[in-house]
Amino acid sequence: MVILTLAWHTGWIDKEVIVAEKTNAGIRGISTVGIPVSDQDRALAFYRDVLGFEVLVDAPLPQLGARWIMLAPSGADVSISLVATSDDALVGVETGIRFSSPDAEATYGVLKAGNVDVGEFMRWPGVPPMFAASDPDGNRFEIVEG
C-alpha cells in the first residue's frame, strides 16, 4: 500500500489518499465451474452417462447434507462441480459454459436422439458450429465445435 499526501488547492488542506499497489493474487487458471442442481444423483447420471464425463470426485459433505461431485470430459483441464441448490445457487440458469466437440453436428445428433433438450443447430460464417442444450434442471450450456 502506498500513502500519498496531497495538498488541496482550496484551503491548502493536507489529505492522505491510499492507493493500492497492483498485486498478483497467484491465480493461474480455472479448475472447476459450479453448476447448481436440485438432485445430485440425477445430475450425476446426466453428465456421466449422457454426456460421457468422467467422475473425478464424489465425496460426502455431511455438514451441507450434500456431496462434492466433480466431473470432466476425458483429458480436460477444467471440470464441472454439481453444486446442491440453495438460496445462493438456483437451478435453471444460463451457465455460460461452452463445451467443445470435434464434431458438433454429430454430438447434436447423439444428444437429440437421447432426448436431451437441445436448441437449433447454428452455423454462421466465420464462427464454429454450435448449439445450446440443457441438463435436467434446465441449466443451459453450449456445445461448440473445436
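Just the heavy atoms: all of them, side chains too, but no hydrogens, waters or symmetry mates, feed the values below.
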**OP:** Start with the C-alpha distance between R140 and T95, add both sets of side-chain angles, then the distance that settles side chain to side chain contact (heavy atoms under 4.5 Å, CB included), and finish with yes or no.
**Re:** CA-CA 6 Å; R140 194 173 114 169; T95 65; 5.8 Å; no

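Across all non-hydrogen atoms, the minimal contact from S100 to G146 is CB-O, 4.0 Å. The shortest heavy-atom contact between P129 and A104 is O-CB, 3.8 Å. Shortest non-hydrogen contact noted between D137 and S38 is OD1-OG, 2.5 Å.
Looking at residues two or more places apart in sequence or on another chain, you find no side-chain contact (heavy atoms from CB on, under 4.5 Å) involving V110. For S101, the side-chain hydrogen bond (donor to acceptor under 3.5 Å, both in side chains) criterion is met by T107, not counting sequence neighbours. Under the rule for a side-chain hydrogen bond (donor to acceptor under 3.5 Å, both in side chains), the partners of N139 that lie at least two apart in sequence or sit in another chain are D135. Taking the side-chain contact (heavy atoms from CB on, under 4.5 Å) definition, one finds that R98 meets it with E94, E142, V144, sequence neighbours left out. Residues satisfying the side-chain contact (heavy atoms from CB on, under 4.5 Å) criterion with A76, sequence neighbours excluded, are A72, P73. Under the side-chain hydrogen bond (donor to acceptor under 3.5 Å, both in side chains) criterion, S81 pairs with T32, not counting sequence neighbours. Applying the side-chain contact (heavy atoms from CB on, under 4.5 Å) rule to I27 yields the partners A25; only residues at least two apart in sequence or on another chain are considered.
Listed by first and then second residue, the side-chain hydrogen bond (donor to acceptor under 3.5 Å, both in side chains) pairs that reach into residues 111-129 are E105-R123, sequence neighbours excluded. Each ring-ring contact (aromatic ring centres under 6.0 Å, His included) pair with one or both residues in residues 85-120, not counting sequence neighbours, appears once here: F53-F99, F99-F141, Y108-F121, Y108-F131. Residue pairs satisfying the ring-ring contact (aromatic ring centres under 6.0 Å, His included) criterion with at least one member in residues 23-42, sequence neighbours excluded, are absent. Sorted by first and then second residue, the salt bridge (Lys or Arg N to Asp or Glu O under 4.0 Å) pairs with a member in residues 43-62 read D58-R67; sequence neighbours excluded.
There is a path of hydrophobic side-chain contacts, each under 4.5 Å, that joins I69 to V37. Note on V57: it does not cluster hydrophobically with Y47, by side-chain heavy-atom contacts below 4.5 Å among ILVMFWY residues. Linking ILVMFWY side-chain heavy atoms closer than 4.5 Å, directly or via other members, places M122 and I143 in two distinct hydrophobic clusters. Hydrophobic clustering (side-chain heavy atoms under 4.5 Å, transitive across Ile, Leu, Val, Met, Phe, Trp, Tyr) groups L61 together with M70. Placement of L51 and I35 within a single hydrophobic cluster is found when ILVMFWY residues are connected by side-chain heavy-atom separations under 4.5 Å, directly or transitively.
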Give every donor-acceptor pair under 3.5 Å between a side-chain atom in residues 86-93 and any protein atom, sequence neighbours left out.
residue, atom, partner, partner atom, Å
S86, OG, D88, N, 3.2
S86, OG, A89, N, 3.3

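Here the straight-line distance linking atom CG of D39 with atom CG of L44 works out to 10.0 Å at 0.5 Å rounding. The CG atom of D41 sits 10.0 Å away from the CG atom of L82 when rounded to the nearest 0.5 Å.
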